[in-house]
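Note that the coordinates shown come from a computational prediction; the quantities given were computed from them, not determined experimentally.
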Amino acid sequence: MSDPILSTEDLGKTFRDFWRRPRARAVDSLSLSLEPGEVYGLLGPNGSGKSTSIKLILGLLHPDKGRIRVFGKSPRDVKVKHRIGYLPEESNLYPYLDARESLRFTAALFGIDPEEREWRITQLLEMVGLSHTGRRRIGEFSKGMARRIGLAQALINDPDLVILDEPTSGLDPLGTRQVKDIIRSLAERGKTVLLSSHLLADVEDVCDRICILYGGIVRAEGPIRELLQVANHLQLQLEDLDPEKRNQLLNLLEDMLGKRPQLEPSRKDLETFFLEVVAKAREDSGEASGTRKEGELAEFLV
Amino acid sequence: MTAFKAILIHHLRAMLREKVALCMLLLLAGLLMLLPSSLRDDGSLDGALRLQTQYSMGLATVLVAFMTLWCSASAISADVANKRLQHILSLPLRRSILWLGRWTAVILLSSTLLFISAGVTLFRIHRSVQRYSSQKEAATLLRARHLLFPEARDYDQLAKEFIEIERLKGSVPDEVSDESLMQDALAMAQAQSTSVRGGDSLDWNFQLERPLRGILHIEATFDRSGISARQLPGSWQILDERGQERWASEEQVSGSGQVFIPVDPIPADLTQFTLRYRNLSPDPAQVLFFQPGNGVRLVQPAGSFTWNLLRATLLLCGLLALLAALGMSAGALFSLPVACYVTAMLLLLELASGTLERAVSEGSTLVGDAPNQWVERLDQLTIGTYKLLLPILQPLNIGNPLAQVAEGIWISNRLLWGSLFLRFTPLFCLLALIGILLFSRREVASQS
Ligand SMILES: Nc1ncnc2c1ncn2[C@@H]1O[C@H](COP(=O)(O)OP(=O)(O)OP(=O)(O)O)[C@@H](O)[C@H]1O
Ligand SMILES: [Mg+2]
């Protein structure tokens, strides 16, 4: 097995007040190990320590105990940060910059040369559907629009490790869908993604492995397929069955099992339905002033 | 370097777009344009000069100082409060670069505003010149001068010698206490070294860093005994170390007030010499009293008023740079209001450093007996605190450079470069180092 991209051992963090008295135990004995190309989900209710774990991994907080290695180095090493893309929990961007300036600033700190920088920015803006905002300041953006800029910022350096703290919060279902697609395609390219969320559907769709935190302690951990398997429970899917055949089938099953099984029409999930409606609306009435149709995945990320 | 540049440009843009600079420019414009027009000067060019430099430019400096305080204190703390620092510090950026980049941006903006104020002040002064004065008066007033002061006299030594002589003469009564004897002797010594009777002479010793060159004047301020309108004849001499005369004035007559005597030709290459005034009146009762302190000084033209004001502005920028360093460091550790208080305290202490120095040197501020011992203790405690603060404030005490410019005194190289490099730079390095070290150790969570 290759070296893990990110590993933590027995990580612990307790927030203290001015007099060093413990105030909140945010993370306790967290041990993770992320392999290249893996999408890892941190799950947990509010205040369970997801964001704190991420800040520890980024070196923004100092652990009380335990060890963190990112690309085999300390997270506070500046070189390590060149390979990380981070989307914070709240996208507080500089309100007086426009989208392009904001991305330019981030790119400059990554030392990306100007020509490459402009190219990447154009593609990222296209990708998150904000290329038309021109000189509008980020301060005027809606929450979801700002969130999309945050996401573009996190990807501008074509990072090997992408850390996303609640990436879909504030996003519309289209944005959510796209973020999930981006995460999957990043993973296919061998990038490692660590994301936190309490939106279970999102996590379920994209994560290979998850860990459920509660009170800062890992309560469950493993590959998502294994965790979600229900023993002795099977599902049968049938298409286009006429009423006569259906009755025959039910009778047959009743004879075999000794009890008549439940039969329900198949439903699409709300996400699929929503996506269909919006797609149709777009065809009918063109563009609106918020986000527009999201583009393809940025070329430099493909 | 790219990171530094990015931070610098980004922060400058932030301050410009948040209208800090615009707001300041409007305030300064109001101050520099409207204030002098609404105040009435005494109608002379000298008065206008004083008003423009000391008051308008002085107030502009205070305004810019407060802007510097706010901008530097908020440079990092505002990002903490808005949870933006988390993102910035997740980027490959050293915290020292963040600190230095933003400090540079703040100080660039402040210095620019200060130099713009200086420019406007100069513009207004040149307009005043056209309005008020003859070209000749303008030419003298708009020149700055070097002042060369004689060595301070050791009054203690003089007083002791005086007592010794009086003792030998046997003219000291036994019942006089040593303390009051010394006080009288000191007063005597001071009087003797600032006054000269008819037929007598008085010396001042000069020890200069650089040999005399160029043009030189003697500037003497004095008073005379009696109310006679008659003028006293007197003469001036410059003697070298060996007591040889190198220059002597024609016989001069002096009334009351100030005289301005050209030294021509100048005795070149002298660094150590004695200036002697001889009272040529045959009557010993005709006494001339020189103003104590700076009654006699040598004056050399140094440079234009414009240059002098710009030098003073540069010196003030140095002070602002220090203020900004303190603001940055405080803002990197504390929340914005706390950082502002801390920095404002320093600014106020700096402004009050003269008063503090006096409080420390003159001791208790209470007159007579303290009402009770607690008050007395409190007083001692205050003085003790001042004493502790003074060594920190001493390097910041550069007097009042704008007042100096208004009086036409050249901001010397020693004051300008000495303060910038020998006093401010080490202090800046210390503040920056402490600030950056503590900031680097700081956790960046949402709460501050
Ligand atoms: N800066 C801080 N100072 C003190 N306590 C903190 C701080 N940040 C977080 N905590 C505490 O640590 C615990 C975990 O917080 P954290 O933000 O990691 O939760 P989370 O899982 O991200 O929650 P959410 O889903 O709401 O984002 C909480 O009890 C919180 O109050
Ligand atoms: Mg969180």
Side-chain angles (χ1 to χ4, degrees), chain A residues 13 15-18 23-24 26 51-52 54-64 75-98 101-102 104-114 117 137 139 149-150 153-154 156-157 159 163 165, chain B residues 1-23 71 74-98 100-102 105 333-335 338 436-448:
Chain A
K13 174 75 190 172
F15 286 102
R16 291 168 193 280
D17 64 9
F18 182 78
R23 209 164 31 167
S51 300
T52 307
I54 288 178
K55 284 176 197 160
L56 285 167
I57 289 166
L58 286 165
L60 297 174
L61 292 173
H62 311 323
D64 298 337
R76 288 163 67 81
D77 192 326
V78 172
K79 286 202 197 82
V80 163
K81 300 195 170 173
H82 273 285
R83 300 176 63 186
I84 301 182
Y86 169 52
L87 171 68
E89 192 168 9
E90 287 165 72
S91 305
N92 290 309
L93 305 160
Y94 290 95
Y96 41 79
L97 298 183
D98 64 37
E101 286 169 336
S102 191
R104 222 174 263 149
F105 172 56
T106 314
L109 290 183
F110 276 114
I112 303 170
D113 68 78
R117 184 163 77 196
R137 306 261 165 101
I149 296 292
Q153 267 183 358
I156 195 149
N157 57 329
I163 300 180
D165 199 347
Chain B
M1 204 54 214
T2 41
F4 177 81
K5 208 173 107 195
I7 293 288
L8 172 65
I9 292 174
H10 176 256
H11 202 63
L12 271 177
R13 183 175 280 156
M15 288 187 293
L16 293 179
R17 296 237 175 122
E18 281 177 340
K19 313 268 190 309
V20 179
L22 183 72
C23 205
C71 284
S74 67
I76 290 178
S77 60
D79 268 1
V80 175
N82 292 326
K83 303 187 187 177
R84 288 192 291 243
L85 199 62
Q86 303 172 15
H87 180 246
I88 296 225
L89 292 183
S90 75
L91 305 174
L93 169 70
R94 273 176 220 292
R95 296 193 191 189
S96 50
I97 301 284
L98 181 70
L100 285 171
R102 294 203 167 163
L333 302 177
F334 309 115
S335 65
V338 178
I436 291 173
L437 272 181
L438 292 177
F439 179 43
S440 299
R441 297 217 35 80
R442 187 184 169 176
E443 295 195 315
V444 188
S446 44
Q447 281 89 341
S448 47

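When every heavy atom of B/Lys83 is checked against every heavy atom of A/Glu90, the shortest pair comes out as NZ-OE2, 2.9 Å. Shortest non-hydrogen contact noted between B/Ala6 and A/Phe105 is O-CE1, 3.9 Å. Closest non-hydrogen pair, B/Glu18 versus A/Tyr96, comes out as OE2-CE2, 3.3 Å.
Heavy atoms closer than 4.5 Å to chain B are found in the backbone of A/Leu93, but not in its side chain. Contact annotation for A/Arg76: only side-chain heavy atoms (C-beta onward) come within less than 4.5 Å of a heavy atom of chain B. Using a 4.5 Å cut-off between heavy atoms, A/Ile84 makes no contact with chain B at all. Contact of A/Arg137 with chain B is made through the side chain alone, with heavy-atom distances under 4.5 Å.
Note: A/Asp113 CG to B/Thr2 OG1 = 11.0 Å, rounded to the nearest 0.5 Å. In this structure, B/Glu443 CD and A/Leu61 CG are separated by 5.0 Å, a value rounded to the nearest 0.5 Å. Atom CD1 of B/Ile7 is separated from atom CG of A/Leu109 by 5.0 Å, given to the nearest 0.5 angstrom.
Within residues 88-95 of chain B, the residues having any heavy atom closer than 4.5 Å to a heavy atom of chain A are B/Ile88, B/Leu89, B/Ser90, B/Leu91, B/Pro92, B/Leu93, B/Arg94, B/Arg95, listed by residue number.
Note on A/Lys79, A/Gln153, A/Lys81: by heavy-atom pairs under 4.5 Å with chain B, the leading option is A/Lys81. Per-residue counts of heavy-atom pairs under 4.5 Å with chain A were compared for B/Arg13, B/His10, B/His87, B/Arg441; the largest is that of B/His10.
Not a single salt bridge (charged side-chain N to carboxylate O under 4.0 Å, His left out) links A/Glu89 to another residue, sequence neighbours left out.
Looking only at side-chain heavy atoms (C-beta outward), A/Lys55 and B/Val444 stay at 4.5 Å or farther from each other.
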Check the pair A/Tyr94, B/Asp79 against side-chain hydrogen bond (donor to acceptor under 3.5 Å, both in side chains), reporting the backbone distance first and the verdict last.
-> CA-CA 9 Å; A/Tyr94 290 95; B/Asp79 268 1; 2.5 Å; yes
Test log, rule side-chain contact (heavy atoms from CB on, under 4.5 Å), inputs B/Gln86 and A/Leu58 = CA-CA 9 Å; B/Gln86 303 172 15; A/Leu58 286 165; over 6 Å; no
